[in-house]
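Report on the following structure.
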Amino acid sequence: MTVSLIVNGQRRTVSATPDTPLLYVLRDDLELNAAKYGCGLGQCGACTVHLDGKAVFSCLTPIGATQERQVTTLEGLGTQAQPGILQQAFIDEQAAQCGYCIAGMIMRAQSLLDRNPAPSDAEIRRHMQPNLCRCGTHHRIIRAIKRASAVLGSQNGKGDAS
Amino acid sequence: MMRRIQSKALLASFSLAAVAGSVIAAAIIYAPEIKPVERPLPTSFDPGEVAKGAQLASIGDCIVCHTADGGRPFAGARALPTPFGTLYSDNITPDEKTGIGNWSFAAFRRAMVNGVARDGSHLYPALPYEHFTHVDDADLRAIYAFLMTRQPVEQVQPKNDLLPGLGFRPLLAGWKLLFLHEGPSTRDPARSAEWNRGKYLVEGLGHCGGCHTPRNILGGEERSSDLSGGIAEGWIAPALDKSNPSADRWDEASLFDYLTTGIAGGHSAAGGPMGPVAEGLSTVNDADVQAIAVYIASRMKPESALQKAASTVATLPRDVASQDPASSKSTIAHPATDTLFAGACGGCHMPGAPMQVTGRPPLSAVSDLRMTNPRNAIQAVLQGVAPPSGRGPAMPGFADILTDQQIADLLGYARAHFTDASPWPDLTAEVSAIRKEDAR
Ligand code: FES
Ligand code: FES
């Protein structure tokens, strides 16, 4: 079938069997390789992207279910030259070890900051629950999220929330 | 005019009832304070008694309601949503200021069997004293010993957030008059000691009826429909008697497995609020859980059928592994949905999927797909199933992945494919309604 969806703000049309995971389409057809394949079973979060603004496992999202919906991947948050606020915070905190989980971690965390720019520690921990990191960089990941939250706070303080 | 007269008459009889009611009520509302005591030393309790209390507290699952998410055990402050507003559980650690540190055994006993706090105020029936009232004193003493030897935690719970008027605790005296039936649970001398033990635990500490018995409009349990199924935190607590559509597929052994591990071969996995119950029971001695299983099994079917159950389980109505999805009636009825199912669900729920190889129940065995009411199946797809301790079956929620229509299509397909039950009507509307409920 032909599926038309909006990926990182751009309309993309792909042809795939409807049960193909969104993850495969992103990586194989659209060359967006940030989202990773970890388990394919919705148990690790390496494949996390946003679907209509909510963090979802792209390995469990059949492409047939995404007709006309909005997808954001890590590539949609910024570029190497101009990383987004949360991406920069992950760099500043050196929050990646092997890095395999990080794209998913950032997307999961971004969905929290989008709805609550100043989450408490407990909220961060609860929200990040579905995503696993086999290297154990959790403390740095949490620090990075708090750093991004602080930057967002100071921007808002200056009345520059763009 | 007729209307006016009627309403006047109604008003008059109401006020009469109110006066009579308040006279009776005044007599039962009042409960004296029980003098505070100095916190008993942990060493003053017999370790054997404390260990027994630990087991009993696990059967009662005190820790679930009395611990906030990520909070210290038994320190309370967990939000308990009820149809009447949100209650916050009490701190039951032996902290003298904010917990029950200065409660004597008499005060503790009165709270459990009469629902009255040490200071004389009435407790909300979120503390299931409708059930705890049947617990005998020796067991209450052991639980008291267990609680008084926990780590004291100083923590005050947030203020309850109830519908207007319900914050007035003396009202609870009236509620108790209607629904609190004090006294020991009755024994059936014709039955085995094990069965009677099970009955005692189910009716008392286990407070199974708290979820599995329907409640009336005032929140009291319908005693005449004991264990015929209720609702808990948006999930159906299935009937534990013959009216359960899967009753013939459960037996003592599978109930025992289910209660101790949250999963039983060829059966469902514990979802929603049942997860923590199974987690609690996993730490309880086998004899007591077995007794509970024996009693529940007897409620689900007459004695003669008990032996037959094992063979029924072996022949499930549909064997997924042997089915070719392409030619099945489900594919014919839901042609577009088999690919959606393959993409969203197949990774775990198709024949040969890793989850099935590790002994997780196939959908053909899952009770939720067979119930007359689709609520639990919908909740499982929307919220997923999370093992409370991080061990056990974990299913991710699909609320943010799939639309109401897609979830309805998938469930319709799964019901047709994996069971012989008739289709659920109005599924899409049901999914939308439950999604709204969950969002609150
Ligand atoms: S790859 Fe999607 S959750 Fe693991
Ligand atoms: S950094 Fe290696 S898995 Fe998280």
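In what follows, chains carry the letters A, B, and so on, assigned in the order in which the sequence lines appear, proteins first and then strands, with residues in each chain numbered from 1.
Within 6.0 Å of CZ on B:Arg72 lie no more than 12 heavy atoms contributed by other residues, nucleotides or ligands. A:Glu68 CD: more than 12 foreign heavy atoms inside a 6.0 Å radius.
Nearest heavy atoms, B:Ala126 versus B:Leu87: CB-CD1, 3.6 Å. In terms of heavy atoms, A:Val49 sits closest to A:Ser58 at CG2-CB, 3.9 Å.
For the set A:Thr20, A:Val56, A:Leu22, the count of heavy-atom pairs under 4.5 angstrom toward chain B peaks at A:Val56. Taking chain B as the reference chain and counting heavy-atom pairs below 4.5 Å, the highest number among A:Arg126, A:Lys54, A:Arg125 is found for A:Lys54.
Looking at A:Ala65, both its backbone and its side chain come within 4.5 Å of chain B, counting heavy atoms on both sides. Heavy atoms closer than 4.5 Å to chain B are found in the side chain of A:Arg69, but not in its backbone. Heavy atoms of B:Phe398 lying under 4.5 Å from chain A belong exclusively to its side chain.
Under the side-chain hydrogen bond (donor to acceptor under 3.5 Å, both in side chains) criterion, A:Gln88 pairs with A:Asp92, sequence neighbours left out.
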